[in-house]
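Working notes, beginning with the structure itself.
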Amino acid sequence: MHLRDRLARIDIHGAPYLFIAPFFLLFGIFGLFPLGYTLWVSLHDWTLLGGNEGWVGFGNYTELFSDDYFWNSLLNTFAIFLIATIPQMLVALGLAQVLNASLRAITFWRVGVIIPTATSVAAVGIIFTMAFSRDFGIVNWMIGLVGVDPIAWNQERIPSWIAIATMVDWRWTGYNALILLAALQAVPKDLYESARLDGASAARQFWSITIPMLRPTLMFVVTVSTIGGIQLFTEPLLFNPGANAITGGDMRQFQTSAMYVVEQAFTGQRFGYAATVAWVLFAVIVLVSLVNSLLVRRIRSAD
Amino acid sequence: MTTPMTATLPTLTATDDPEAPSRKRRRSRVHRASPLTYLVLAFVVLASIGPLYYMVVMASRPNSDITSNPPPLTPGSELGDNVTRVFENPDVVFAQSLLNSLMVATVATISVVTLSALAGFAFAKLRFRGKNFFLLCVIGTMMVPVQLGLVPLYMLMGWIGLAGSLWSAVLPFLVTGFGVFFMRQYVMQAIPDELIEAARVDGASTTRIFFQVIFPALRPAVAVLGLLTFMERWNDFMWPYLTLAPENPTVQVALSRLSGGYYTDQALVMAGTLLATVPLVLVFVLFGRRIVGGIMEGGVKG
């Protein structure tokens with residue numbers, strides 16, 4: 001009996017830790033450790049085959065700052081990120097509003113909107129690359145109908161950014177709209193009632209109630225899009241099929257920084273330098289997330 | 001009588017529950033859908049489906065049609081032919097890659113669902129020191145760009161002798177912060193404390209309570225989290241592309257090989273893409289209501 005009580009006590013106090021341990025253990029080994037160890041590797045001359053070939057301090061970082069290919073990749077990453085994210089957020093907000101109406105066949109519309117999310121990123125890359133091909137792509141055919149000359153989407157820089165941003169937006173806009181819709185539905189209805197009694201217009205209600213109440217969710221959606229956008233890899237990789245896919249076009253016109261990490265690690269076999277690029281990219285993500293949160297915080301809170 | 005969905009899924013479909021008090025007020029407040037609303041939605045759904053339709057068209061045409069101008073806009077009759085060619089293609093072991101994806105996604109799904117339920121239950125119903133801190137850590141992990149650790153992760157797989165194997169594609173995805181958080185939300189709202197108290201009075205250990213009382217009651221949440229996780233793993237590209245041996249890819253990696261080949265057999269590429277895409281899109285359509293509920297629930301609390 002006594003032993004039983006002690007076992008029960010151990011169970012009560014120990015079981016919770018036992019239950020959460022697998023998560024932290026596995027995340028620690030396969031998530032946190034590699035990310036942290038990236039910093040260590042970045043301070044070494046480290047190759048794919050030779051392994052650790054000695055400490056170089058900030059040598060890799062110095063090299064990075066004068067590496068034109070890196071800055072080029074960062075420019076591409078940000079350009080695509082902005083071209084994709086800004087319209088995506090606006091459309092997702094609008095779509096959430098539309099879906100918030102009392103609709104017939106509500107599940108049909110909601111599912112229809114997020115079907116792209118179920119499509120794999122590789123499939124998206126392949127389908128859109130074909131749709132954007134210069135000679136036989138359906139996009140050039142469609143713009144041809146309104147008299148625009150064919151565009152070499154994967155040759156010219158800005159068109160390639162637009163094409164890749166289109167892939168990202170096709171896949172994620174509906175998903176983000178649904179998350180914003182969930183937040184919209186959580187806004188207390190009496191806020192709108194009293195605003196209307198006070199004679200506030202629909203636009204006024206949107207800016208003074210909806211947007212502030214959506215603030216935490218907007219923050220969430222923007223942060224997730226930022227983390228994903230700055231690590232963009234697959235869409236631009238598949239946009240340039242062939243042996244040199246990793247360089248993102250003949251003139252690296254759409255090589256993103258994540259692609260540059262992989263190029264350095266596996267084509268160049270320079271693990272140390274690749275880790276440096278990855279670590280700087282990590283710093284960039286943290287920085288952009290901070291800027292985001294400052295911007296979103298400036299939205300007046302609703303109370 | 002409520003539908004089975006609302007009876008078993010109180011959290012996930014709260015917004016669709018006709019009995020919910022907020023529903024009535026919402027109906028009276030929210031603008032009624034105008035024809036314009038439907039027009040906008042119809043346009044959006046067309047844009048959603050358009051690229052997939054384009055894929056079906058291209059996958060069912062002979063390769064010679066694909067360079068025709070104007071481009072073909074209706075499906076052809078060569079789908080079976082193209083699909084056969086995908087499976088017979090010697091450069092890409094397509095059937096094997098489908099099987100590999102199935103295995104990778106299944107193992108990761110079982111692990112994520114089980115371990116998330118365990119941890120989610122602990123966070124929702126058990127008392128322990130440092131609970132809030134640990135929960136904050138879980139949420140924090142959702143914000144960590146783990147993909148950027150790919151160089152050491154690759155090295156790690158070499159150290160433990162798994163480089164190139166299917167296990168190397170599975171191991172980094174055995175747990176997700178999202179899963180733990182999602183399960184916590186569900187357990188908090190779906191499992192009454194009395195249920196646990198009663199089992200304790202009967203002398204059941206915490207582990208036994210979890211497996212015999214809690215886990216069976218989590219079926220709806222398991223289904224949603226399982227579907228979302230399976231989808232994510234099936235569709236995963238970057239890490240499998242880097243880690244898997246070329247002769248043993250997942251289907252997404254095999255697709256990229258098909259499209260990256262020197263030949264330009266686009267009908268074949270599209271047929272492969274169709275094979276890799278259609279199963280999931282079908283699942284999505286069949287279980288759409290649940291998945292939508294899961295996404296909306298996960299997002300709003302995250």
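In what follows, chains are A, B, ... by sequence order, proteins preceding strands, each numbered from 1.
Remark: side-chain polar atoms of B:Asn235 are not paired, donor with acceptor, to backbone N or O of A:Val121 under 3.5 angstrom. Distance alone, capped at 3.5 Å, is enough to place a donor-acceptor pair between the A:Ser194 side chain and the A:Asp190 backbone. Panel note: side chain B:Ser111, backbone B:Ala108; no donor-acceptor pair is recorded below 3.5 Å.
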Run A:Gln185 and B:Met296 through side chain to side chain contact (heavy atoms under 4.5 Å, CB included) and show every step you take. CA-CA 10 Å; A:Gln185 294 186 339; B:Met296 289 176 66; 3.8 Å; yes
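Of the listed residues (A:Val286, A:Ile126, A:Leu281), the one with the most heavy-atom contacts under 4.5 Å to chain B is A:Ile126. Ranked by non-hydrogen atom pairs under 4.5 Å with chain A, the options B:Trp234, B:Phe123, B:Tyr154, B:Phe121 are led by B:Tyr154. Heavy-atom pairs under 4.5 Å with chain B were tallied for A:Ile285, A:Leu178, A:Thr129; the largest tally goes to A:Leu178. Per-residue counts of heavy-atom pairs under 4.5 Å with chain B were compared for A:Ile138, A:Val124, A:Leu18, A:Asp135; the largest is that of A:Ile138. No other option in A:Leu32, A:Ile29, A:Leu237 has as many heavy-atom pairs under 4.5 Å with chain B as A:Leu237. The choice from B:Gly158, B:Gly177, B:Ala119 that makes the most heavy-atom pairs within less than 4.5 Å of chain A is B:Ala119. Here A:Ile127 is the residue among A:Ile230, A:Ile127, A:Leu35, A:Val262 with the most heavy-atom pairs under 4.5 Å with chain B. Contacts with chain B were tallied for A:Gly125, A:Gly51, A:Ala278; A:Ala278 has the most, counting heavy-atom pairs under 4.5 Å. Of the listed residues (B:Ala122, B:Pro71, B:Gly288), the greatest number of heavy-atom pairs within a distance under 4.5 Å of chain A belongs to B:Pro71. Chain A forms the most heavy-atom pairs under 4.5 Å with one residue out of B:Leu46, B:Thr176, B:Val146, B:Leu118, and that residue is B:Leu118. Note: B:Arg200 leads B:Glu232, B:Arg200, B:Lys131 in heavy-atom pairs under 4.5 Å with chain A.
For the pair A:Leu39 and A:Ser42, the minimum side-chain heavy-atom distance is below 4.5 Å. Annotation: side chain of A:Asn140 is in contact with side chain of A:Arg134 (closest heavy-atom distance under 4.5 Å). Residues A:Pro16 and B:Lys125 have side chains not in contact (no heavy-atom distance under 4.5 Å, counting atoms from C-beta outward).
Between B:Phe237 and A:Phe233, the two ring planes are tilted [angle within 30° to 60°]. A perpendicular orientation is assigned to the rings of A:Trp46 and A:Tyr37, their planes being inclined by more than 60° (bins at 30° and 60°). Under the 30°/60° scheme for interplanar angles, the aromatic rings of A:Phe266 and A:Phe271 are found to stand perpendicular. The aromatic rings of A:Trp172 and A:Tyr175 sit perpendicular to each other, their planes meeting at more than 60°, with 30° as the lower class boundary.
Taking the six-membered ring for Trp and the full ring otherwise, the centers of A:Phe30 and B:Phe173 sit at least 6.0 Å from each other. Taking the six-membered ring for Trp, A:Phe24 and B:Phe134 have ring centres closer than 6.0 Å.
Proximity to chain B (any heavy atom under 4.5 Å) is shown, for A:Ala8, by neither the backbone nor the side chain. Contacts between B:Leu150 and chain A at a heavy-atom distance below 4.5 Å involve the side chain alone, from C-beta outward. Heavy atoms of A:Thr223 lying under 4.5 Å from chain B belong exclusively to its side chain. B:Val138 touches chain A through backbone and side chain together, each having a heavy atom under 4.5 Å away. For a residue to count as touching a neighbouring chain, one of its non-hydrogen atoms must lie under 4.5 Å from one of that chain's; by this rule B:Tyr241 touches chain A with the side chain only. For B:Arg129, the parts lying under 4.5 angstrom from a heavy atom of chain A are both the backbone and the side chain. At a 4.5 Å heavy-atom cutoff, the contact between A:Val113 and chain B is made by backbone and side-chain atoms alike. Contact annotation for B:Leu171: both backbone and side-chain heavy atoms come within less than 4.5 Å of a heavy atom of chain A. Both the backbone and the side chain of B:Leu148 come within contact range of chain A, with heavy atoms under 4.5 Å apart. Neither the backbone nor the side chain of A:Ala245 comes within less than 4.5 Å of any heavy atom in chain B. Heavy-atom distances place both the backbone and the side chain of B:Thr206 under 4.5 Å from chain A. Only the side chain of A:Leu95 comes within less than 4.5 Å of a heavy atom of chain B; its backbone N, CA, C and O stay farther away. Both the backbone and the side chain of B:Phe128 come within contact range of chain A, with heavy atoms under 4.5 Å apart. Of the atoms belonging to A:Leu238, it is side-chain heavy atoms, and not backbone ones, that fall under 4.5 Å from chain B. Within the 4.5 angstrom heavy-atom criterion, atoms from both the backbone and the side chain of B:Ile66 approach chain A. Residue contact with chain B, scored on non-hydrogen atoms closer than 4.5 Å, involves the backbone and the side chain of A:Ile115 alike. At a 4.5 Å heavy-atom cutoff, B:Ala117 makes no contact with chain A through either its backbone or its side chain. Neither the backbone nor the side chain of B:Ser116 comes within less than 4.5 Å of any heavy atom of chain A.
Under 3.5 Å, the side chains of A:Asn292 and A:Thr226 contain a donor-acceptor pair of N or O atoms. Side chains of B:Gln252 and A:Ser120: a donor on one and an acceptor on the other come within 3.5 Å.
A:Arg110 CZ to A:Leu99 CG: the interatomic distance, rounded to the nearest 0.5 Å, is 7.0 Å.
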